[in-house]
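Have a look at the structure below before the remarks.
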There are 2 protein chains.
Amino acid sequence: MKLILLSALKYLALQGGSKHSVHISSIKLAKHLGVSQQSASRYLIELVELGYIERRPAYGGQIISILKAGIETLRKEFAEYNLIFGTLKRIEMKGMLETGLGEGGYYISKKEYMKQFVEKLNWRPFEGTFNLRLNDEQIPKIEAMKSARGILIEGFEKRGRTFGKAWIFKCLLENGNQTVKDCAIISPKRTHYRRVVEVISPVFLREKLKAEDGDMFTIKVDLGDV
Amino acid sequence: MKLILLSALKYLALQGGSKHSVHISSIKLAKHLGVSQQSASRYLIELVELGYIERRPAYGGQIISILKAGIETLRKEFAEYNLIFGTLKRIEMKGMLETGLGEGGYYISKKEYMKQFVEKLNWRPFEGTFNLRLNDEQIPKIEAMKSARGILIEGFEKRGRTFGKAWIFKCLLENGNQTVKDCAIISPKRTHYRRVVEVISPVFLREKLKAEDGDMFTIKVDLGDV
DNA sequence: ATTACTAAGACGCGAGTAG
DNA sequence: TCTACTCGCGTCTTAGTAA
């Protein structure tokens with residue numbers, strides 16, 4: 001879809017077109033978009049062809065309604081801006097199970113961290129992480145998650161060594177027919193995204209889900225009320 | 001600003017560019033936007049020239065940060081989608097005072113309506129409306145307000161005549177140095193926008209604000225938590 | 001007033017390529 | 001590899017105009 005068509009559609013929606021039909025002329029639309037009347041007219045024709053709007057002639061213009069497909073297009077755009085500005089409460093990501101030795105495993109092996117997990121999650125993590133590799137299209141979601149307030153796991157010092165802090169995010173894990181409720185993503189650092197998220201849970205997920213490397217899973221992250 | 005530049009900027013933001021610098025190559029950007037590497041390279045140059053991003057070369061690409069102006073551009077876009085999808089809690093509109101005989105005046109002259117105003121607003125409206133004419137750019141805001149949950153004023157029947165329902169929206173009225181807290185917009189119908197909003201208040205606003213036709217005022221509408 | 005067709009023209013795109 | 005220049009080509013735009 002051409003970008004200018006999205007702009008035209010957005011203008012129609014701003015005039016109230018997403019709720020009721022609006023009376024608009026191609027000249028008015030043209031003026032708003034900064035193009036000629038002829039172009040605006042063409043855009044409306046193209047939007048009809050795409051099934052995004054419906055219209056009928058009217059005195060001094062035309063009556064336009066935005067159709068379902070048009071609303072969905074706008075909503076998709078809106079969802080992206082919500083990711084950018086961190087206004088989402090729930091994020092869904094798809095990833096592929098892989099065997100990995102992420103930093104997450106390091107956390108659950110230290111009792112100072114483990115104590116905090118039990119306190120803050122109300123369950124004791126199984127000693128092993130369930131690692132999901134996300135593809136590049138999920139990066140915006142990872143970014144949105146990382147910039148949200150997770151649960152802070154404090155760092156500590158021991159024998160002169162510093163152990164850094166981490167954040168955890170409560171989530172659900174799904175693979176079509178099964179759902180595991182008590183899960184959490186553990187994320188060592190605020191910055192630097194990685195394409196792998198590490199999931200912890202009170203149970204041995206690989207066994208419970210009969211999962212193998214390469215299987216796809218959906219994680220639904222609860223970001224609270226930001 | 002060209003639309004494709006906004007798309008490029010949005011992509012950078014989705015990669016986390018609104019929070020920290022991101023490592024991106026023109027090829028990666030090109031692939032995402034569905035254009036050639038040359039075009040993507042040109043977009044980045046143009047975004048720098050516009051003061052929207054800042055960048056420095058890096059191995060295998062470049063490190064890009066989105067600047068304040070870039071964030072503001074994205075935020076403006078986001079605000080428009082918020083208007084479309086009715087996710088705003090507060091709407092600010094500017095309008096010019098005019099003498100008018102809107103339908104609002106009709107409402108405050110009927111005791112059946114007046115009774116409801118007193119009950120639902122906790123104050124008794126002055127018998128007269130303060131009419132502000134908004135320009136066309138404010139239409140999206142009026143639309144957003146009308147689709148929000150206002151306070152319902154029930155209609156009634158009397159001597160065989162039907163008196164329709166209306167909605168009121170609590171608001172503030174401002175003109176630079178003065179603010180009136182207890183105000184409300186009265187809107188006779190759900191559909192059909194009008195460019196004039198009618199404000200009611202317990203006091204005689206024209207007198208209190210020493211206002212004359214043509215003066216500009218800002219109304220801040222509280223839409224509750226939708 | 002409008003909408004929208006045709007034709008000519010502008011402007012942006014990508015191929016080729018250098019650094 | 002990467003970025004980014006020049007230039008020929010094509011697409012989308014606008015002017016003119018009919019309905």
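Every chain is numbered from 1 and lettered A, B, ... according to where its sequence line falls, protein lines coming before strand lines.
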Exercise. How large an angle, rounded to 10°, do the end axes of the helix from C:dT2-D:dA19 to C:dG19-D:dC2 enclose when each is built from five base pairs?
Worked result: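 Answer for the end axes of this duplex: 40°.
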List in chain and number order the residues that pass side-chain hydrogen bond (donor to acceptor under 3.5 Å, both in side chains) with [X], two or more places apart in sequence or in another chain; answer none if no residue qualifies.
X	answer
A:E46	A:K2
B:S39	B:S36
A:R161	A:Y106
B:E154	none

Residues forming a salt bridge (charged side-chain N to carboxylate O under 4.0 Å, His left out) with [X], sequence neighbours excluded:
X	answer
A:K31	none
A:K110	none
B:D215	none

Sub-3.5 Å pairs of nitrogen or oxygen atoms, protein against nucleotides 2-6 of chain D:
from, atom 1, to, atom 2, distance (Å)
D:dT3, OP1, B:S26, N, 2.8
D:dT3, OP1, B:Q62, NE2, 2.7
D:dT3, OP2, B:S26, N, 3.3
D:dT3, OP2, B:S26, OG, 2.2
D:dA4, OP1, B:R55, NH2, 3.1
D:dA4, OP2, B:R55, NH1, 3.1
D:dA4, OP2, B:R55, NH2, 3.0
D:dA4, N7, B:Q37, NE2, 2.9
D:dA4, N6, B:Q37, OE1, 2.9

Exercise. What pairs meet the salt bridge (charged side-chain N to carboxylate O under 4.0 Å, His left out) rule with one or both residues in residues 54-64 of chain A, with sequence neighbours excluded?
Worked result: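 Every pair satisfying salt bridge (charged side-chain N to carboxylate O under 4.0 Å, His left out) with a residue in residues 54-64 of chain A: there are none.
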Exercise. Going by the salt bridge (charged side-chain N to carboxylate O under 4.0 Å, His left out) test, which pairs reach into residues 3-19 of chain A, not counting sequence neighbours?
Worked result: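 Only A:K10-B:E77, A:K10-B:E80 qualify under salt bridge (charged side-chain N to carboxylate O under 4.0 Å, His left out).
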Exercise. Would A:F156 and A:Y113 count as a close aromatic pair, with their ring centres under 6.0 Å?
Worked result: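 Ring centroids of A:F156 and A:Y113 are less than 6.0 Å from each other.
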Problem set entry | Outermost DNA chain C nucleotides near chain A [under 4.0 Å, heavy atoms] |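 First and last nucleotides in contact are C:dT2 to C:dC5.
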